[in-house]
Amino acid sequence: MNHVVIYTDGACKGNPGPGGWGVLLRSGAVEKELHGGERETTNNRMELTAVIEALRALKRPCRVSLYLDSEYVRKGITEWLKGWKARGWTTASKQPVKNVDLWQRLDDLVQHSGHQIEWHWVRGHAGDPGNERADRLANLGVPKG
């Protein structure tokens, strides 16, 4: 099983506002950069979209080390998701889960892709080279004008 290192990030100019997502994938000496965006979105949606697009880019099951600076996404996927699903996609306070469409897509990818994923949080804007590149890519994805 190939080992892939992934860095993801999201950016938003206003929240909501125009936003972008960025992905850096590394497997051995090979690197691939991805980015995209939406005209009206939120930072959390872009953080989720970055992870979804990163995992969708993998063509076969991989061992993944995924680095992100979003505690929302990391805690959502590793701690909160099981409870949300058990409660019919509602929070502990009985509110609908925000961004449920993206959480369901991410859950489906994680459950059915065959990837073995290790989730790693890194402090954003703290000099981590992979995170800084993902941040630049996310900003490239923000729609202009």
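The model shown is predicted, which means the values in this text are computed figures rather than measured ones.
With a 4.5 Å cut-off on side-chain heavy atoms, Leu25 and Val5 do not count as touching. Looking only at side-chain heavy atoms (C-beta outward), His120 and Leu68 stay at 4.5 Å or farther from each other. Inter-residue side-chain proximity for Val110 and Leu81 is flagged as unmet; no heavy-atom pair is nearer than 4.5 Å. At least one side-chain heavy atom of Trp84 sits under 4.5 Å from a side-chain heavy atom of Thr91.
Cluster membership for Val64 and Tyr67, using ILVMFWY side-chain heavy atoms within less than 4.5 angstrom, is not shared. There is a path of hydrophobic side-chain contacts, each under 4.5 Å, that joins Val100 to Leu102. Residues Val122 and Val23 are members of separate hydrophobic clusters, defined by side-chain heavy-atom contacts under 4.5 angstrom among Ile, Leu, Val, Met, Phe, Trp and Tyr.
Residues meeting the side chain to side chain donor-acceptor pair (under 3.5 Å) test with His112, sequence neighbours left out: Asp108. Under the salt bridge (charged side-chain N to carboxylate O under 4.0 Å, His left out) criterion, Asp107 pairs with Lys85, not counting sequence neighbours. Every side chain to side chain donor-acceptor pair (under 3.5 Å) that Asn131 has, sequence neighbours left out, goes to Asp69. Legend: residues meeting salt bridge (charged side-chain N to carboxylate O under 4.0 Å, His left out) with Glu31, ordered by chain and number and at least two apart, are Arg26, Arg133. For the side chain to side chain donor-acceptor pair (under 3.5 Å) test, no residue two or more places apart in sequence or in another chain qualifies with Glu79. Not a single side chain to side chain donor-acceptor pair (under 3.5 Å) links Ser27 to another residue, sequence neighbours left out.
Across Ile6 and Ala54, no two heavy atoms sit closer than the pair CG2-CB, 3.7 Å. In plain terms, the two heavy atoms of Pro61 and Gly114 that are nearest each other are CB-O, 3.5 Å. The shortest heavy-atom contact between Pro16 and Thr42 is CB-CG2, 4.2 Å. In plain terms, the two heavy atoms of Pro143 and Gly19 that are nearest each other are CD-O, 3.3 Å. Between Gly20 and Val142, the closest heavy-atom pair is N-CG2, 3.5 Å. For Leu137 against Leu24, the heavy-atom pair with the smallest separation is CD1-N, 4.4 Å.
Counting only residues at least two apart or in different chains, salt bridge (Lys or Arg N to Asp or Glu O under 4.0 Å) contacts with residues 87-98 are absent. Applying the ring pair (Phe, Tyr, Trp, His ring centres under 6.0 Å) test to every pair with at least one member in residues 15-46, sequence neighbours left out, gives no pairs at all. Listed by first and then second residue, the side chain to side chain donor-acceptor pair (under 3.5 Å) pairs that reach into residues 2-17 are His3-Ser65, Lys13-Asn139, sequence neighbours excluded.
With rounding to the nearest 0.5 angstrom, the NE2 atom of His115 is 13.5 Å from the CZ atom of Arg63. Atom CH2 of Trp80 and atom NZ of Lys75 lie 6.0 Å apart (nearest 0.5 Å). Residue Glu38 holds its CD atom at 9.0 Å from SG of Cys12, rounded to the nearest 0.5 Å. Separating the CD atom in Glu71 from the OG1 atom in Thr78 is a distance of 8.5 Å, to the nearest 0.5 Å.
The hydrophobic cluster containing Met1, built from Ile/Leu/Val/Met/Phe/Trp/Tyr side-chain heavy atoms closer than 4.5 Å, comprises no other residue. Through direct or relayed side-chain contacts under 4.5 Å between Ile, Leu, Val, Met, Phe, Trp and Tyr, Val30 connects to no other residue.
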Which donor-acceptor pairs under 3.5 Å do side chains of residues 45-53 form with protein atoms, sequence neighbours excluded?
from, atom 1, to, atom 2, distance (Å)
Arg45, NH1, Asn99, OD1, 3.1
Arg45, NH1, Asp101, OD1, 3.0
Arg45, NH2, Asp101, OD2, 2.9
Glu47, OE1, Gly10, N, 3.3
Thr49, OG1, Arg45, O, 2.8
Glu53, OE1, Arg56, NH1, 3.4
Glu53, OE2, Arg56, NH1, 3.1

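Below 30°, between 30° and 60°, or above 60°: for Trp103 and Tyr72 the angle between ring planes is above 60°, a perpendicular geometry.
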